[in-house]
Each structure stands twice: as C-alpha cells, then as structure tokens.
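For the numbers below, each heavy atom of this structure counts, side chains included, while hydrogens, waters and symmetry mates do not. Counting starts at 1 for both ligands and their atoms, in listed order. Every value quoted in this text rests on a predicted model; they were computed, and no experiment measured them.
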Amino acid sequence: MDQAALNFGEPEKGAGRVRVLLPLPLKGPLDYSLPEGMDVPPPGTLVRVPLSGRMAVGVVWPEKEAPRGKTLPLNKLKPVESCIDLPPVSTDLMKFVDWVASYSLSSQGAVLRMCLSVPAALGDVPVKTHYLKDHVPAGLRLTPARQAVLDSMPSDVPQTASVIADRAGVSAGVVQGLAKAGALKAVELSVDQPFSPPDLSIDGPNLSSEQAAAASIIRDQVWQGGFQPYLLDGITGSGKTEVYFEGLIEALKEPGTQVLVLVPEIALTAQWLKRFEARFGTRPVVWHSDIGLAQRRRAWRAVASGEARVVVGARSALFLPFKNLAFITVDEEHDPSFKQEEGVLYHARDMAIVRAKVADCPIVLASATPSLETLVNADDGKYRKLVLRERFGSAVLPDMQAVDMRTSAPAAGDWISPPLTKAMKDTLHAGEQVMLFLNRRGYAPLTLCRTCGHRIECPNCTAWLVEHRFKKELHCHQCGFMRPAPETCPECKSEDALVACGPGVERLFEEVTREFSDARIAVMTSDTMTNPRATAAMVEQIACGHLDIVIGTQIVTKGYHFPSLTLVGVIDADLGLRGGDLRAGERTYQQLVQVAGRAGRAERPGRVYLQTYEPEHPVVQALLTGDGETFMQAERQSRERYAMPPFGQLAALVLSGPVLTDVLEQGRRLAAAAPAIQGVQFMGPAHAPLSRIRGLHRVRMLVHSQKRTGLQRIMQSWLRAIPPVKGVKIKIDIDPYSFL
Ligand code: ADP
Ligand code: ZN
Ligand code: ZN
C-alpha cells in the first residue's frame, strides 16, 4: 500500500527529466530522462518507457510535488523510449486518479491501472484493406460479375472485399481482381468502425407535469454547467429514465461533449439498450466486465478521442479517459454493486460525485429507494432533490401483503404458503404472470448427513457447498470450487443419508412444477442466464406471455419490464436481515421495493406477497404501509445516535494469509500500535465471519471515527509504523459495505 502522496513541496524541475506514472502499485511516479531531440512531453502524454527489462506504458505526470527520497542524477535515469500517438490523458483524469488514490489509500499507479485497463487500446489498431471505386481503365473487360460489383458499390464509403462481394453476390476474388486491374482503390483502414453519434432530433414521449418539472430543472443546470449533484427520487415506474434522458440530450447539444450513465451491471439489459436506441437512434458505447477485448479496445479509444458521446457502463466506466465530460447519471444509485470489493476498493456512486466535481459538471443520482448517504446529503442541501411521486400512466404501485409464516406455514418440505399458492392460482387463471423471488442460487444452501451430522463444506473456505441439482454438482459460492454431488456421505459413507436443507431457486422450481403442472416455468439466475443471447430469448418469452411463472434471484429485480406480470411472491422476506450488518435493514428494504416494483407496471394492477416470520419488523412494516420515509428517518436517527456512516466514518482492515498465527500476530501488533485519538476507536483483530477464503485465513479490524474527515491521515501514520509481515496481506477498505 502506498502512502498516497500528500506532501506538497517545491517542485524540482530538472531539465531533460520527466516523471512517469506507471499503471502498477508502486510508491509513485518514476523519473526518466528524455532522449536527445525529444521535446518535453506535456503532462498526460502516454509514453513507452523501460521498466526492469521490458517496455511499459505510462503517463507523464504533473510535477506538483517534490520527488520523495533522493533523486537520481540525470545520467543514471533510463530514457523515455517514445511517445504514444494518442490524445493525452486529461488533467481531469489525472486529478481524479490522485483523488481516488488518496481517499482509498491506494497507490496512484493502482488507480491508473483502472484507467489503462485495455493494453490493446494503447498499441496499434489492426487495419484491414477496404476498397473504393476508381476510374475504370479504358479497355478493361467487364464481366457480368465485375459489372455487378461496380453497380452495387457505394461511391464514397470504403468497404472490405467480403462486404462488397456479399452485396454483389459474387466471390471476394472478383473484388480483388478489379482492384488489381485498377478499377478499385485499396485503402488500409482501422478495423474499428466509428460509433455513430446519437440523434438528438427524435421526439421523446410527452412528459407528465411532474416529469417535465424535474427534467426542466436538470436541463437548465446542464445548460448552465458547473458542478451540482441532484437526487432524482422517484418511485419505480415513475419515468426516471425519461427524465435523465432529457439531461443527456441537453448536454449532447453542445458539440464535443460526452456523457456517462452508470448503472448496476445487471440493470444494463437488452431491454434498456433497446429503449435507449429508440430515443437516440443508435446504441450507446457500452462498458462492463462482459464485453470482449476488441469491443473494449474500440470503446476505450473512442472515449479517448471524444468520438464516443454517450457511455453507459458499470462502475469501472468511471475510469475511462473522457475528454470532455459534461453530465453524469448514476441510475439505481443505492445499488450495493457500485461498491468495488477487489483491488482498489471504492464506491462508484461516491467517486462519480468526485468525477463530476473534477469535470465541473452536473450529476444526477436516480433511485426509487435512495441510500441513506444520499438522503442525508439532500437534507443537508448539498444535493438538490427532485421527486416523482406517481407511476407513469395508469400504472399504480402494487398492493402489498404479508404472509405470517408462523400461522400460514407451508406443508413440510415446501416453501410456498397456502395464501401465496392461492394467489398464484388466481393470477394464472386470469391469464397473468407470477414472479417468485428468492435470492439463493442452486437447490439448497446446505447438504447434511442424517447419520453423522456432517455438513459438506468447501475445502478452501468457511462456507457450505451449495447443491446445484440441475448440474448434479456442489458449488462454493465464495471461491468457485465445484465437485460432483456425492451419493454417499463423504464422512461416514452412509448411503441415502444426505439431505438438502433450506431452499434455493432450483428447489422452488421443483415445488412449483409439482403444484402447477400445466404452467410454463422459467428460472432466471446467473446460472441460467449465461450469455446475452440466452437471456434476451428468455426475457422475450416472458414479455410476450409464453411463460407463466418466473422464479428468480436478484438478477430479476432490475431493468426488466414485463407488462403481464401482476403477482410477485417474496419467498423469504427476512433473508437479508439475518446476521445483519449496519445496512441490512436499509438494503433489504431497497431490494424488496425493487422486486415489488416488477409487479403491475402496465395497465393491470399488481400484488405482492411477502412471506415472513417477523411481520412486525420495521422493514416489513415499511413495505406494507408504503411509508419508506418514516423507516429511513428511523434508520437515520439510529445511525446518527451511534455516529455511524454517513455521520461518522468507518474503515476496515482485512488481514489475510496462509498461516493463521502470522495473520493474528500482525493484527495484534497493529492493535497495540493504534494511536489514542479522541473520537476514534480501533476494534479487533477478530476472526472474520468468512474466516477462510481460497485457503487464506482472514482477520478483520475496524476503525470508527466520530467525524467524517481526517481518517485517512490517521490510518496512514498508524499503518506506516508497523512493518509488513511476509505472507500477510492487508486490504484497506474505507467506507466498508461488507463486514464478512
Ligand atoms: P423508472 O426508471 O422510474 O422505474 P421508467 O423510466 O423505466 O421508470 O418508466 C416506466 C415505464 O413508463 C417505461 O416503460 C417508460 O417507457 C414509461 N414512461 C415513463 N414516462 C413516460 C412518458 N412520459 N410517456 C410515455 N411513457 C412513459
Ligand atoms: Zn455421514
Ligand atoms: Zn470455497
């Protein structure tokens, strides 16, 4: 970990010397010399430099601080090899990297690595021969095939031989023959086709008056420019997307601007993209973990050159090299997936605010269930709040009821209560669709031996193996370990003694198939929706009414709009509340509102059944009464009372390593070295709830500060004082969301 450079001093400008930040977790930028004849490259220039025997690409970094330690004399420095022919990285992006590094206590290089995540984009883009019409040389024999090529070719758009041949219905050889004869001109062009710009002239829908009011405030702000966050707080189906689209359009009217829409990865569905395309006449540039390398390279370069006007992406899109960012939207801002839990740990919603601040542009955080963090900022006047209270058109919010599982228990071994079964029957009878929500993949979360009591666990983690019956396997959801499902107990070898405990979606599928033998049933999880095409096919099937019952995990909670879906059954409303951390109530509330929001999105009203053992729990009550505000107020008060985030601040340390005693010893040393500071409490070390993952032992420490500022500085000097122990890794998590 780096002590993210915060010591400013007199810059030491040596002639012929340049500082280069490499996308590696080093202490800071490195010094290089400039070869004879090379002009001093301005900050932001991408350069190729030697690094321990190989070439690496880095960025010429601004010299705002004096180099640490002693500087090498110029003649000891390795020279820059060359400058890369790409637009320089913007000053904004460099500021953003520095900011994220010092906030998250990561090295600048580790943050830069997220910006330069596509090495292929930094090299030469492959080219392919394209052809254009030229003058047909006098006397050239034009066969019918050749004539067909000339007739079908556009006059000014270069195309590849295969495209031309396809169009003319001839072989590619004919095209090449014509080129050889001089009738076509060959040009070498990049294989990356340009992205077409959004069409801003397409008419949008007529906005309702509350939509129009919100849109006009956002449009005015975008027109005026300048940093200003907005919270767009609107119930599910109120048309938040239509409203922020108006902000996008306003920003794009200015030539050369770029806009970014951040969405949780699972919300970026084909349905969403179609809707975008209908409004803008083209696809946006899409950025998430699942796009292929060629797409990635093309997108990165298009963002860097400014050609990409609209980027829609998951959290990592924040680190793209935008040239001229004019507007940001974070949709579903409350979503837990915005927190990055590996590598550099950051919260994309918070960093999006920083990105907007650096770019000096407006930002909209949209949600039906805003996070407490954002609500508090809005109450404090830092964010301006825009509210949409109505569902669009005739759609109304679904009717919610709780099923008390203590009095309406399902039959032994079943999971669906009698009232929910009845509601399902009625819904199917009316020709409408049902969704059952259970956030558990697989068949059962635990496999137990009835004879000896053995629980089948992952060999690498403190986690039970989850049975996946469709695949006849047991999986670890922590590390991905898999094994065939055993016939006999691995411990006592008893036959027929293994029993599945608890429900997963596959088990629910079994029950539904048995109870509703005529119904057409789909299971939507990350196990069944393995690629975009399979997903799109399934979604299409549901949307046009070819399926009756959808059983899904959280993957179904966002981004889908199924007009005939009128009943949602939540199988275990209490699931997210068990073993709860500080946000368990808030998160469960948000998730269940989202699931409920799938019901009754069109003309027909929806109903939601919440199966619960605690109908009087505040979360369940908030859902039933629809009074989320009171619930969030209560959450706010309890967090404020204990100075929990967003009032105070937390930082977690996760120590991990192969030898438990080493890990614990390092934790004890850290605890012993903890400074005594008023209002700051150091807790731990303690075994993490997930005490082993992938064979590494895990120990946690937690730092709690009553105040929201200054924690990084305290952490830095504390951690600097303790020398590292070989084999023990320390992960720093500022503003932790996971406590496992
Ligand atoms: P939210 O993002 O708030 O959940 P959406 O923007 O997805 O809401 O809108 C819900 C549905 O209502 C979508 O199908 C959308 O196309 C439709 N809709 C919203 N506003 C309008 C409008 N002004 N005119 C026509 N359709 C609208
Ligand atoms: Zn056994
Ligand atoms: Zn495991």
Handout entry: Within-cut-off N or O pair, Phe392 and ligand 1, under 3.5 Å
Key = no
Exercise for the section: Below 4.0 angstrom from a heavy atom of Ile235, which ligand 1 atoms are there? Numbered from 1 as shown, please. Expected result: 3 (O)
Problem - Close-contact set for ligand 1 against Thr236 heavy atoms, below 4.0 Å - result: 4 (O)
Problem - His477 N/O/S atom closer than 2.8 Å to the Zn ion (ligand 3) - result: no
Practice task
In plain terms, say whether Glu373 and Arg583 are close enough for a salt bridge, that is, a side-chain N and a carboxylate O under 4.0 Å apart.
Solution key: yes
Fill in the blank from the handout: Here the atoms of ligand 1 under 4.0 Å from any heavy atom belonging to Asn206 are 22 (C), 23 (N), 24 (N)
Problem - Derivation of the salt bridge (Lys or Arg N to Asp or Glu O under 4.0 Å) call for Lys558 and Asp335 - result: CA-CA 10 Å; Lys558 290 179 202 91; Asp335 198 279; 2.7 Å; yes
Problem - Where ligand 1 meets Thr241 - atom numbers and elements under 4.0 angstrom, heavy-atom basis - result: 2 (O), 5 (P), 6 (O), 7 (O)
Problem - Heavy-atom proximity to atom 3 (O) of ligand 1, best of Gln594, Gln271, Gln211, Lys240 - result: Lys240
Exercise for the section: Examine distances only and state if a side-chain atom of Arg219 and a backbone atom of Ala214 form a donor-acceptor pair shorter than 3.5 Å. Expected result: no
Practice task
Report the angle formed at the Zn ion (ligand 2) by atom SG of Cys489 and atom SG of Cys449, rounding to the nearest 10°.
Solution key: 110°
Practice task
Assess whether atom NE2 of His454 is packed by more than 12 heavy atoms of other residues, nucleotides or ligands within 6.0 Å.
Solution key: yes
Practice task
Please identify which atoms of ligand 1 are closer than 4.0 Å to at least one heavy atom of Leu207.
Solution key: 23 (N)
Exercise for the section: Using distance alone, with no hydrogens and no angle criterion, decide if Thr525 and Thr553 have a side-chain donor and acceptor under 3.5 Å apart. Expected result: no
Practice task
May I ask you to check whether Glu629 and Gln633 show a side-chain donor-acceptor distance below 3.5 Å?
Solution key: no
Completion exercise
If you compare Ser367, Gly239, Ala366, Ser208 by their heavy atoms, the one closest to atom 9 (O) of ligand 1 turns out to be Gly239
Exercise for the section: Might you check, step by step, whether the distance between atom 11 (C) of ligand 1 and some protein heavy atom is under 4.0 Å? Expected result: no
Problem - ligand 1 atoms in contact with Pro205 (distance to a heavy atom under 4.0 Å) - result: 22 (C), 23 (N), 24 (N), 25 (C)
Exercise for the section: Please report which non-hydrogen protein atom sits nearest to atom 4 (O) of ligand 1, along with the residue it belongs to and the distance in Å to one decimal place. Expected result: Gly237 N, 2.7 Å
Problem - Backbone N/O of Ala423 and side chain of Thr427: donor-acceptor pair under 3.5 Å - result: yes
Handout entry: Check: Thr447/Trp464 side-chain N/O donor and acceptor closer than 3.5 Å
Key = no
Handout entry: Gln433 versus Thr566, side-chain donor and acceptor atoms under 3.5 Å
Key = no
Completion exercise
For SG in Cys479 and SG in Cys458, the angle at the Zn ion (ligand 3) (nearest 10°) is 110°
Handout entry: Top protein contact for atom 14 (O) of ligand 1, by heavy-atom distance
Key = His561 NE2, 3.9 Å
Practice task
Taking the six-membered ring for Trp and the full ring for Phe, Tyr or His, determine whether the centres of Tyr230 and Tyr383 are under 6.0 Å apart.
Solution key: no
Handout entry: Gln594 and Thr236: side chain donor to acceptor below 3.5 Å
Key = no
Handout entry: Candidate with minimal heavy-atom separation from atom 7 (O) of ligand 1, of Arg279, Glu242, Arg275
Key = Arg275
Handout entry: Three-point angle Cys452:SG, the Zn ion (ligand 2), Cys492:SG, rounded to the nearest 10°
Key = 110°
Problem - Worked check of side-chain hydrogen bond (donor to acceptor under 3.5 Å, both in side chains) between Thr257 and Arg309 - result: CA-CA 6 Å; Thr257 53; Arg309 303 289 310 279; 2.9 Å; yes
Practice task
Can you tell me, to 10 degrees, how wide the angle at the Zn ion (ligand 3) is between SG on Cys476 and SG on Cys461?
Solution key: 120°
Practice task
May I ask whether Gly234 has any heavy atom positioned less than 4.0 angstrom from an atom of ligand 1?
Solution key: no
